[in-house]
Amino acid sequence: MVTEAVAASSWKAPRYRHSFNFISDLGVPSCGGEVDGRTVCSPLHAVMNTGFVVQGVLFVVAAVLLFRMVPGRLRWVYLALAVVHGWPAQYPARSMDWRFRSAAETQH
C-alpha cells in the first residue's frame, strides 16, 4: 500500500485515479502511450515494481513458514500454489512492458 501511494502520487498529467486506472499501470516502465484507453505514465514505476516483488517474496516466505501446519500431501499442493502465486511478482516490469507495447502496437 505504501509503494502504491508513492507511485500514484508521482503521476502529474494525467493524475492517477484509483477508479479508472489499474494498479499495474503504476509499474509500467514506459511513458506516453495508452493501454486500453488509459494514458499511462508512471515516473516512479521502480517503486511500484519493488513493492510487487517484495509482496511476492513475502507471500512465498509466509507459505514456507506455514508449510508444516498443512496436513499430509496437501502441504505440497499448498506450497506449489503459493509459489505459482508469488513467482510472477518477480517479473513485473518485463510483463507490464510487454503488455504496454502490445497495446500500443495494435493501435497503429
Crowding at CZ, Arg15 (>12 non-hydrogen neighbours, <6.0 Å):
yes
Min side-chain heavy-atom separation Phe52-Thr3 under 4.5 Å:
no
Criterion side chain to side chain contact (heavy atoms under 4.5 Å, CB included) on Val28 and His45, from CA distance to verdict:
CA-CA 6 Å; Val28 175; His45 59 85; 6.0 Å; no
First locate atom CG of Asp25, then atom CZ of Phe20, and finally report the distance between them rounded to the nearest 0.5 Å.
8.5 Å
Determine whether Leu26 and Trp11 satisfy the following criterion, side chain to side chain contact (heavy atoms under 4.5 Å, CB included), listing intermediate values before the conclusion.
CA-CA 9 Å; Leu26 295 171; Trp11 283 44; 3.5 Å; yes
Is the closest side-chain heavy-atom distance between Val54 and Val57 below 4.5 Å?
no
Plane angle bin for Phe59 and His85 - parallel if under 30°, tilted between 30 and 60°, otherwise perpendicular
tilted
Which atom of Gly27 lies closest to which atom of Ser42, heavy atoms considered:
N-OG, 4.4 Å
Closest non-hydrogen atom pair between Met48 and Ala7, with its separation:
CB-CB, 3.9 Å
Would you say Phe67 and Leu74 are hydrophobically clustered, going by side-chain heavy atoms of ILVMFWY under 4.5 Å?
no
Between Trp76 and Val70, does a side chain to side chain contact (heavy atoms under 4.5 Å, CB included) hold up when you go through it step by step?
CA-CA 9 Å; Trp76 294 105; Val70 180; over 6 Å; no
Close side-chain approach of Leu58 to Gln55, heavy-atom, < 4.5 Å:
no
Closest heavy-atom pair, Val60 versus Ala82, reported as atoms and distance to 0.1 Å, is CG2-O, 3.8 Å
Among pairs that include at least one residue of residues 37-79, which meet disulfide bond (SG atoms under 2.5 Å apart), considering only residues two or more places apart or in two chains?
Cys31-Cys41
Listed by chain and number, what are the ring-ring contact (aromatic ring centres under 6.0 Å, His included) partners of Tyr78, not counting sequence neighbours?
none
Does the pair Arg38 and Phe22 meet the rule for a side chain to side chain contact (heavy atoms under 4.5 Å, CB included), with working shown?
CA-CA 9 Å; Arg38 298 179 318 276; Phe22 297 145; 3.2 Å; yes
Which heavy-atom pair separates Arg75 from Arg68 by the least distance, and what is that distance?
NH2-O, 3.6 Å
Do the side chain of Asn21 and the main chain of Arg17 share a donor and acceptor less than 3.5 angstrom apart?
yes
Are Ile23 and Val40 linked, directly or through intermediate hydrophobic residues, by side-chain heavy-atom contacts shorter than 4.5 Å (ILVMFWY only)?
yes
